[in-house]
Amino acid sequence: MDRASFYDQVYQVVRLIPKGRVTSFGAIASYLGTKGSSRMVGYAMNGAGVVIPAVPAHRVVNRNGLLTGKFHFETLTKMEELLALEGVKVVDDKVVDFKKLYWNPAEELDLER
DNA sequence: GCGTTGACGAGGA
DNA sequence: GTCCTCGCCAACG
């Protein structure tokens, strides 16, 4: 796994996010061991739409549950659309019941990887 | 090799 | 509760 760049590691984890669930950048960063590099997680998502298979970046939001990355999608409504299709309600660019839909890789994936 | 960037997070006022 | 500042670290030019 050491061959995988930080980007790849982020993609891997994001792809593991269950449908209808969301997580935060910090959670992913923490899981990868680079807790302080929470920004890198988001920065890595810049290639989420070009890598194969595609990365469900719409399931990744900031700690507020706010769709911070919606501006990086094809359209501004694309992100909340995808979430809505998965049963995730989005109001005012933020995930409803984010706390309940929150998916913690460290808890769900445990000692995976 | 250096400086800048950045879809964030935590702490303080 | 909100607003501001600092830090964090990998990728990019």
Side-chain angles (χ1 to χ4, degrees):
Chain A
M1 305 288 194
D2 33 32
R3 299 155 228 271
S5 308
F6 184 82
Y7 275 41
D8 295 319
Q9 294 186 50
V10 174
Y11 300 148
Q12 296 289 335
V13 178
V14 175
R15 279 195 280 251
L16 292 175
I17 301 175
K19 176 187 167 196
R21 292 295 183 92
V22 292
T23 191
S24 62
F25 298 93
I28 298 173
S30 181
Y31 178 72
L32 293 177
T34 53
K35 183 181 180 183
S37 311
S38 48
R39 317 165 113 175
M40 303 291 75
V41 179
Y43 193 67
M45 303 311 286
N46 277 293
V50 295
V51 292
I52 307 295
V55 178
H58 59 277
R59 293 177 188 159
V60 186
V61 294
N62 69 348
R63 72 178 186 87
N64 273 320
L66 189 69
L67 307 186
T68 48
K70 61 177 294 183
F71 296 100
H72 293 261
F73 280 74
E74 302 175 47
T75 61
L76 287 311
T77 54
K78 185 72 175 183
M79 192 170 186
E80 64 178 87
E81 259 182 60
L82 292 169
L83 289 171
L85 290 174
E86 297 182 354
V88 180
K89 306 284 177 57
V90 177
V91 178
D92 193 37
D93 297 340
K94 48 191 189 223
V95 178
V96 180
D97 294 328
F98 169 67
K99 200 169 185 178
K100 295 198 300 186
L101 296 174
Y102 182 74
W103 179 79
N104 191 332
E107 303 255 327
E108 303 292 329
L109 295 181
D110 249 337
L111 10 99
E112 216 48 49
R113 116 178 255 325

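A, B, ... follow the sequence lines: proteins, then strands. Residue 1 opens every chain. Any value given below was found using the heavy atoms of this structure, including those in side chains, with hydrogens, waters and symmetry copies removed. Everything numeric here is computed off the predicted structure, so don't read it as measured data.
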Between A:Tyr11 and A:Ala44, is there a donor-acceptor pair closer than 3.5 Å when you use the side chain of the first and the backbone of the second?
-> yes
Got a donor-acceptor pair under 3.5 Å from the side chain of A:Ser37 to the base of C:dC9?
no
A:Asp8 CG to C:dA10 P, in whole Å, measures 15 Å
Value for NZ (A:Lys78) from NE2 (A:His58), rounded to nearest 0.5 Å, stands at 9.5 Å
To the nearest angstrom, the OH-P distance between A:Tyr11 and C:dA11 comes to 10 Å
Of the candidates B:dA7, C:dC12, B:dC8, the side chain of A:Ala57 sits closest to B:dA7
Check your understanding: Would you find a donor on one side and an acceptor on the other, under 3.5 Å apart, between the side chain of A:Arg21 and the backbone of A:Trp103?
Key -> no
Checking C:dA11, B:dA7, B:dG9 against the side chain of A:Ser5 (C-beta onward), the nearest is C:dA11
When rounded to whole Å, the CG to C1' distance for the pair A:Asn62 and B:dG9 reads 10 Å
hbond_proxy A:Arg39 side chain to C:dC8 base (donor-acceptor, 3.5 Å cutoff):
yes
Nearest heavy-atom approach of A:Met79 to A:Val61 is CE-CG1, 4.3 Å
Separation of B:dC8 atom P from A:Leu32 atom CG, nearest Å, is 16 Å
What one should report as the nearest heavy-atom pair of A:Ser38 and A:Gly26 is CB-CA, 4.2 Å
Q. Base, sugar-phosphate alone, or nothing: which one does A:Tyr7 contact when heavy atoms must sit under 4.0 Å apart?
A. sugar-phosphate
Among C:dC12, B:dA7, B:dG9, the one nearest any side-chain atom of A:Ser38 is B:dG9
In whole angstroms, the gap separating P of B:dA10 from CG of A:Asn64 amounts to 10 Å
Taken to the nearest whole Å, CZ/A:Phe6 to P/C:dA10 is 8 Å
To the nearest angstrom, the OH-C1' distance between A:Tyr31 and C:dC9 comes to 20 Å
Between OH of A:Tyr43 and P of C:dG7 the distance, given in whole Å, is 21 Å
